[in-house]
Amino acid sequence: MAETKNQQGFVFSGKKRSSTGQDGDDDFIVANKKSMFSTGLPSMWEDPAAALASARHEFGEHGGVNMSIEASATFTVMEPETMRRMFAGELGPDRDFFIYSRHFNPTVLNLGRQMAALEGTEAAYCTASGMSAISSVLLQLCSSGGHMVASRTLYGGTHALLTHFLPRACNITTTFVDINDHEMVKNAMVEGQTKVLYFESMSNPTLTVANIPELSRIAHDKGATVVVDNTFSPMVLSPARLGADVVVHSISKFISGGADIIAGAVCGPANLVNSMMDLQHGALMLLGPTMNAKVAFELSERIPHLGLRMKEHCHRAMVYATKIKKLGLNVIYPGLEDHPQHELLKSMANKEYGFGGLLCIDMETEERANRLMNHLQNCTQFGFMAVSLGYYETLMSCSGSSTSSELNDEEQALAGISPGLVRISVGFVGTLAQKWSQFEKAFSRLQDSGLYKN
């Protein structure tokens with residue numbers, strides 16, 4: 001359906017345009033490939049919540065306050081010539097000409113606009129998973145024989161992609177570095193050969209905070225594109241506003257919030273997203289990690305309250321980290337003043353969102369980590385032993401034997417992952433007093449067992 005705007009900038013459905021230009025709009029015939037992703041935002045970007053509120057609002061087909069779900073796999077045209085022009089790239093989604101939902105779908109396209117607003121980028125494309133977003137953008141930016149530099153500390157699946165799959169299948173190699181050793185990063189990058197610098201804004205699982213402005217400057221001086229995984233810190237950090245070129249997300253985590261959806265996103269310049277949708281060379285177009293329109297609708301209804309959820313995740317993480325530290329446990333949280341990048345994060349973070357919704361407790365050995373988690377789940381109901389993060393319930397896992405198990409012992413040591421590192425994604429159900437009491441009781445049981453002593 002075509003769209004019209006009222007004076008407030010809201011978008012209503014309308015009749016689909018004819019490709020002959022008979023509606024009197026002579027300038028629509030050649031598609032403006034940038035505008036198909038446009039968020040409708042003013043040029044001055046202030047804050048992720050403000051940006052989301054300023055983005056255009058899609059109403060439903062019959063005036064519903066929520067947009068309609070376009071569940072069609074394929075789309076009809078009004079004139080035979082229209083289809084040829086769509087395939088030739090003359091008509092496109094910017095004017096509501098859709099071919100097939102693997103290319104563009106109106107509902108998924110709207111979620112992409114929300115993600116672009118959230119990250120302050122020109123464009124975004126939403127995918128079927130976070131890994132599909134990561135792999136697609138790296139394959140678009142790197143050709144056979146290409147070289148990347150990446151942080152040593154990455155999600156295990158990403159590390160396996162860079163260490164094993166891309167060299168074997170694509171002849172793309174990666175040099176891993178300590179992302180906080182800027183001289184090491186600079187020396188690893190070869191001007192003219194290194195295509196990408198890849199890192200996580202907050203590393204999984206060690207919660208190391210990357211200096212995004214400085215790393216972006218180093219990479220750009222070498223002619224490389226900066227790709228940042230911001231899954232751990234939506235709303236808290238805005239990498240594109242700090243100098244990064246591309247921001248990727250596993251939407252499955254905080255953005256979804258329900259641990260019920262697998263999804264991803266690539267946020268970046270419109271020319272990059274367009275290139276990824278090219279009929280001949282586009283990684284997204286040809287690999288086909290398509291998001292279902294019903295999933296996109298579900299997610300689009302959750303993004304407006306992401307800011308509220310993140311504030312509570314972060315608030316509780318800060319409270320727990322402070323209290324856990326007083327118990328004598330080795331807690332890692334960027335909100336604590338003794339965290340090595342505490343001041344750096346304060347200087348980069350969007351105001352009022354806190355320091356992230358994850359914390360880590362280093363129990364030193366896997367046995368102690370497992371015993372603590374067992375008490376927290378099975379004795380006091382503080383949280384669940386499960387991978388993933390961003391859920392409204394607290395989730396816990398021993399990273400070395402779970403989400404970072406793709407790294408061997410040496411790689412885990414280099415990444416700073418202790419065998420007893422417990423990653424905790426802090427939820428917000430229950431009262432703070434209730435949940436803290438559950439933690440204290442579990443810790444007391446651990447001490448009584450004799451396995452842990454201060």
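Quick caveat: nothing in here was measured; it's all calculated off a predicted structure.
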- Lys351 with Asp47: basic N within carboxylate O range, under 4.0 Å: no
- Under 3.5 Å, is there a donor-acceptor pair between the side chain of Thr163 and the main chain of Ala160? no
- side chain to side chain contact (heavy atoms under 4.5 Å, CB included) with Ser143: which residues, sequence neighbours excluded? none
- Query: Do Glu367 and Thr365 meet the criterion of a side-chain donor-acceptor pair at a distance under 3.5 Å?
  - Reply: no
- Item | Glu119 vs Pro239 side-chain heavy atoms within contact, under 4.5 Å | yes
- Check for a donor-acceptor pair, side chain of Asn171 on one end and backbone N or O of Pro167 on the other, with a separation under 3.5 Å. no
- Message: Testing the 3.5 Å rule here: is there a donor-acceptor pair between the side chains of Glu406 and His164?
- Response: no
- Query: Is a side-chain donor-acceptor pair under 3.5 Å present for Ser404 with Ser399?
  - Reply: no
- Message: Quiz question: by atom type and distance under 3.5 Å, do the side chains of Ser233 and Ser201 form a donor-acceptor pair?
- Response: yes
- Pair Glu366 + Arg368, salt bridge at N-O below 4.0 Å: no
- Task: Starting from the C-alpha separation in whole Å, work towards a yes-or-no answer on side chain to side chain donor-acceptor pair (under 3.5 Å) for Thr208 and Thr153.
- Result: CA-CA 8 Å; Thr208 300; Thr153 312; 5.5 Å; no
- State, without any angle test, whether Ser238 and Asn350 hold a side-chain donor-acceptor pair at a distance under 3.5 Å. yes
- Query: Applying ring-ring contact (aromatic ring centres under 6.0 Å, His included), which residue pairs with at least one partner in residues 167-189 are found, sequence neighbours left out?
  - Reply: His159-Phe176
- Item | Trace of the side chain to side chain contact (heavy atoms under 4.5 Å, CB included) decision for Met115 with Ile251 | CA-CA 10 Å; Met115 288 301 302; Ile251 300 180; 4.2 Å; yes
- Message: Tell me whether Glu352 at atom CD has more than 12 heavy atoms from other residues, nucleotides or ligands lying less than 6.0 Å away.
- Response: no
- Looking only at atom types and distance, does a side-chain atom of Thr158 sit under 3.5 Å from a main-chain N or O of Leu154, one as donor and one as acceptor? no
- Does Ser425 reach the main-chain N or O of Gly390 with its side chain, forming a donor-acceptor pair under 3.5 Å? yes
- Task: Evaluate the side-chain proximity of Leu207 to Phe355: yes if any heavy-atom separation is below 4.5 Å, no if none is.
- Result: no
- Task: Test side chain to side chain contact (heavy atoms under 4.5 Å, CB included) on Val227 and Ile134 and set out the steps.
- Result: CA-CA 9 Å; Val227 180; Ile134 293 167; over 6 Å; no
- Ignoring hydrogens and angles, state whether a donor on the side chain of Ser418 or Asp362 is under 3.5 Å from an acceptor on the partner side chain. yes
- Message: I'd like to know whether Leu141 forms a side chain to side chain contact (heavy atoms under 4.5 Å, CB included) with Leu272, so could you lay out the CA-CA distance, the side-chain angles of the two residues, the decisive distance to 0.1 Å, and finally the verdict.
- Response: CA-CA 9 Å; Leu141 293 170; Leu272 171 65; 3.9 Å; yes
- Got Trp436 and Lys323 here, is their nearest side-chain heavy-atom distance under 4.5 Å? yes
- Message: Checking Ser256 now: which residues fulfil side chain to side chain contact (heavy atoms under 4.5 Å, CB included) with it, not counting sequence neighbours?
- Response: Asp260, Ile261, Leu299, Arg302
- Query: Please walk me through it: do Val196 and Val149 pass side chain to side chain contact (heavy atoms under 4.5 Å, CB included)?
  - Reply: CA-CA 6 Å; Val196 170; Val149 172; over 6 Å; no
- Query: Backbone N or O of Gly120 within a donor-acceptor pair of the Arg241 side chain at under 3.5 Å?
  - Reply: yes
- Ala123 backbone acceptor or donor facing Thr121 side chain under 3.5 Å: yes
- Message: Using only atom types and a distance under 3.5 Å, with no angle test, would you say the side chain of Lys435 pairs donor to acceptor with the backbone of Gln381?
- Response: yes
- Message: Less than 3.5 Å apart, any donor N or O on the side chain of Ser405 or Ser402 sitting next to an acceptor on the other?
- Response: no
- Query: Hey, does Cys170 have a side-chain heavy atom less than 4.5 Å from the side chain of Leu139?
  - Reply: yes
- Message: If we count only N and O atoms by modelled type, under 3.5 Å, do the side chains of Thr175 and His147 hold a donor and an acceptor together?
- Response: yes
- Apply side chain to side chain contact (heavy atoms under 4.5 Å, CB included) to Pro340 and list each qualifying residue two or more places apart in sequence or on a separate chain. none
- Query: Which heavy-atom pair separates Asn105 from Glu70 by the least distance, and what is that distance?
  - Reply: ND2-O, 2.9 Å
- Message: We want to know whether Arg423 and Asn204 form a side-chain donor-acceptor pair, criterion being a heavy-atom distance below 3.5 angstrom.
- Response: yes
- Can you tell me if Ser444 and Lys441 form a side-chain donor-acceptor pair at under 3.5 Å? no
- For the pair Arg309 (side chain) and Ile255 (backbone), establish whether a donor and an acceptor sit closer than 3.5 Å, ignoring hydrogens and angles. yes
- Query: Side chains of Thr174 and Leu166: closer than 4.5 Å at any heavy-atom pair?
  - Reply: no
- With a 4.5 Å limit on heavy-atom distance, are the side chains of Leu138 and Ile172 in contact? no
- Examine distances only and state if a side-chain atom of Glu200 and a backbone atom of Tyr155 form a donor-acceptor pair shorter than 3.5 Å. yes
- Taking side chain as C-beta onward, heavy atoms only, is Leu242 less than 4.5 Å from Met348? yes
- With sequence neighbours left out, write down each residue that passes side chain to side chain contact (heavy atoms under 4.5 Å, CB included) with Ala219, or none if nothing qualifies. Met189, Leu197, Ala224, Val226
- Message: Counting C-beta onward and ignoring hydrogens, is there a side-chain heavy-atom pair between Asp448 and Phe443 closer than 4.5 Å?
- Response: no
- Pairs flagged by ring-ring contact (aromatic ring centres under 6.0 Å, His included) wherever residues 309-337 is involved - sequence neighbours left out: Phe254-His313, His313-Phe428, Tyr320-Phe382
- Message: Test your reading of the model: is there a side-chain donor-acceptor pair from Gln140 to the backbone of Ala283, 3.5 Å cut-off?
- Response: yes
